[in-house]
Amino acid sequence: RVLTPMLRLQDKQRSGKQRLYRPHMVYLEGNHEHRLPRYLERNPELDGSLDVMSDLRLAARDIEWVSYGDYYFDAKHGVQFTHAPLNAANQAPSGKYGIERVLEMVAASTVFGHFHRWCAVDMQMHGHGGRTVKVLSAGCFFEHVPDYVKFAAKRYWRGVTLLTHVGYGDFDVEQYSIERLRHDFG
């Protein structure tokens, strides 16, 4: 569903013999996809039947895969992206002050989604020409709420977060909630 508008545009460009719009796309593996290899180890009869990369046709769509815990660094803009920043114990920070803990862990502006909530924090770095490091938890993009969290307190923010780079490591943010997208685009 996310790629459909772009794929339609590319079809139109192909038929008009125009240059194709081909953005660099990156798939950040999340903790749930990261569980799959361990599950397949315990259930070898399913080996070959489940593969996120091929099931989502990432290679065919020229989408770069970034493993859970790793970062995609956009060197042009000075911002790194990951599903979950991991601490020294190989765990994602959590809790009320998790975003502040991420800010203490990273050396570059960082965008991630593991918290499922939208929150941001920044800090001006001393000795780096007054450079600001921003950390953004960009929310999530799903509608289904699993039964196991149905009655738990949820601070999810669902939608799309758009970044506009305004300087190296610096960006402005626009939020488009799922409700707004549904209203504007049906």
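Note that these values count all heavy atoms, side chains included, but never hydrogens, waters or copies made by symmetry.
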Any salt bridge between Arg14 and Asp11, counting N to O under 4.0 Å? yes

Determine, step by step, whether His77 and Leu163 satisfy the side-chain contact (heavy atoms from CB on, under 4.5 Å) criterion, reporting the C-alpha distance in whole Å, the side-chain angles of both residues, the deciding distance to 0.1 Å, and the verdict. CA-CA 11 Å; His77 297 104; Leu163 305 182; over 6 Å; no

Sequence neighbours excluded, which residues qualify as side-chain hydrogen bond (donor to acceptor under 3.5 Å, both in side chains) partners of His116? none

Are Phe171 and Val106 connected in the hydrophobic side-chain network, where two residues link if heavy atoms are under 4.5 Å apart? no

Where the side chain of Asp51 meets the backbone of Met53, is there a donor-acceptor pair that is under 3.5 Å apart? yes

Check the side chains of His165 and Asp170 for a donor-acceptor pair under 3.5 angstrom, ignoring hydrogens and angles. no

Does Arg182 have more than 12 heavy atoms from other residues, nucleotides or ligands lying within 6.0 Å of its CZ? yes

Rounded distance [0.5 Å steps], CZ in Arg117 versus CD1 in Ile99: 7.0 Å

Tell me if the centroids of the rings in Phe81 and Phe73 come within less than 6.0 Å of each other. no

Check: residues 18-30 side-chain donor-acceptor pairs under 3.5 Å, at least two apart:
unit_1, atom_1, unit_2, atom_2, d
His24, NE2, Glu64, OE1, 2.8
Tyr27, OH, Glu33, OE2, 3.0
Glu29, OE1, Tyr68, N, 2.8

Does the pair Trp118 and Thr161 meet the rule for a side chain to side chain donor-acceptor pair (under 3.5 Å), with working shown? CA-CA 9 Å; Trp118 199 100; Thr161 301; 3.3 Å; yes

With the side chain counted from C-beta on, respond yes when Leu103 and Tyr97 share a heavy-atom pair under 4.5 Å apart, and no when they do not. no

Thr110 and Gln80: side-chain donor and acceptor closer than 3.5 Å? yes

Determine whether His32 and Arg35 satisfy the following criterion, side chain to side chain donor-acceptor pair (under 3.5 Å), listing intermediate values before the conclusion. CA-CA 5 Å; His32 294 268; Arg35 294 177 187 160; 3.1 Å; yes

In this structure, are over 12 heavy atoms from other groups packed under 6.0 Å from Asp184 atom CG? yes

Is any side-chain heavy atom of Tyr168 closer than 4.5 Å to a side-chain heavy atom of Lys76? no

